[in-house]
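Computed from a predicted structure; not experimentally measured. For ligands, and for the atoms within them, numbers begin at 1 and follow the listed sequence.
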Amino acid sequence: MLNEIRNILSEAQVEDFRRELETADWSDGRGSAGYLSQAVKRNAQLPDTHPSGLRLGETIVMALEQNARFVSAALPQKILPPLFNRYASGQEYGAHIDGAVRPIAGTAHRIRTDLSATLFLSAPDEYEGGELIIEDLFGSRSVKLGAGDMMLYPGSSVHRVSPVTRGVRYAAFFWVQSMVRGDVERRILFDLDNAIQALARDVPNHAELVRLAGVYHNLLRRWVEV
Ligand code: NI
């Protein structure tokens, strides 16, 4: 399931992030790429222990935890502290697949990358190219969102960032280990949750709502790992 979640960050937060990122010391993005990805990765990245990255990453995680659409779609168990990248003109990240397991920097913990997320920090008119292109079951989808908006997609998808041909593209990216491992099961739960919420708004006193909420939780109980 590809899920677009708007306004994870406010305009003021994006401005704050950008002030900090534009003056930060960036490193070569290949430092954190696996063997195959290194050959196709051309960007800059903040080191995962960079104080600005840690601070901004915490702000993102707090915003995510309060975002009902994210929680419903991802059913997060663990969120990897967000990382930050920067693509200047001529840079790109060719087709690759994210590693299935990522260490959490500075700890002995690891997460399974059920979901990948890209949070755009540059407005679409600030750069040309730089689309996130995700291949899914129905073909490939080209994504370029507003600053503060986020794309959530299965960690299993092949994806790339097309070359930036003008301007600079800043983004945060991270992975989520979900309480529900399978994308198909997560999608069913997300659809059901949304339908129940819409019915609860439109026919709030309908007796069958309790039964539907029960179906949601009984499915979740079958599939959840906690
Ligand atoms: Ni990737």
Side-chain angles (χ1 to χ4, degrees), residues 1-5 8-9 17 21 26-50 53 56-57 60-61 64 70 73-74 76-105 109-122 124 127 129-145 147-165 168-178 181-183 186:
M1 169 173 59
L2 304 184
N3 215 317
E4 201 175 302
I5 307 178
I8 295 281
L9 298 177
F17 275 51
L21 294 178
W26 293 82
S27 329
D28 189 326
R30 279 174 291 195
S32 69
Y35 171 70
L36 279 175
S37 302
Q38 274 188 12
V40 294
K41 190 174 184 184
R42 301 277 175 273
N43 68 2
Q45 210 167 291
L46 277 193
D48 52 16
T49 52
H50 194 291
L56 301 177
I60 294 174
V61 172
L64 292 171
F70 169 76
Q77 167 90 284
K78 297 182 203 165
I79 301 173
L80 195 91
L83 298 169
F84 295 85
N85 59 23
R86 177 187 190 275
Y87 291 81
S89 196
Q91 295 191 309
E92 65 179 309
Y93 195 168
H96 68 280
I97 188 126
D98 296 337
V101 177
R102 302 274 317 191
I104 302 181
H109 300 286
R110 289 175 290 188
I111 79 158
R112 188 182 64 227
T113 57
D114 296 322
L115 291 154
S116 299
T118 297
L119 172 55
F120 289 76
L121 296 171
S122 295
Y127 61 100
E131 291 86 2
L132 169 65
I133 297 168
I134 304 165
E135 287 173 21
D136 73 3
L137 293 175
F138 308 106
S140 76
R141 172 126 160 237
S142 173
V143 181
K144 192 173 195 173
L145 303 181
D149 298 343
M150 185 174 89
M151 192 70 195
L152 194 61
Y153 55 101
S156 54
S157 14
V158 172
H159 55 276
R160 63 192 167 93
V161 175
S162 68
V164 169
T165 55
V168 179
R169 173 197 193 269
Y170 290 96
F173 63 101
F174 58 91
W175 292 272
V176 180
Q177 179 171 326
S178 177
R181 182 189 294 224
D183 191 56
R186 235 184 288 113

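In this pair, Y170 and W26 present their aromatic rings tilted. The plane angle is within the 30 to 60° band.
Of the N and O atoms on the side chains of T113 and D98, not one donor lies less than 3.5 Å from an acceptor on the other residue.
Under 2.8 Å from the Ni ion (ligand 1), one finds the following protein N/O/S atoms: H96 NE2, D98 OD1, H159 NE2.
Legend: residues meeting side chain to side chain contact (heavy atoms under 4.5 Å, CB included) with A95, ordered by chain and number and at least two apart, are V158, R160. With sequence neighbours left out, the ring pair (Phe, Tyr, Trp, His ring centres under 6.0 Å) criterion links H96 to Y93, H159. Qualifying ring pair (Phe, Tyr, Trp, His ring centres under 6.0 Å) partners for Y127, counting only residues two or more places apart in sequence or in other chains: none.
Taking a cutoff of 4.0 Å between a charged side-chain nitrogen and a carboxylate oxygen, R141 and E131 do not qualify as a salt bridge.
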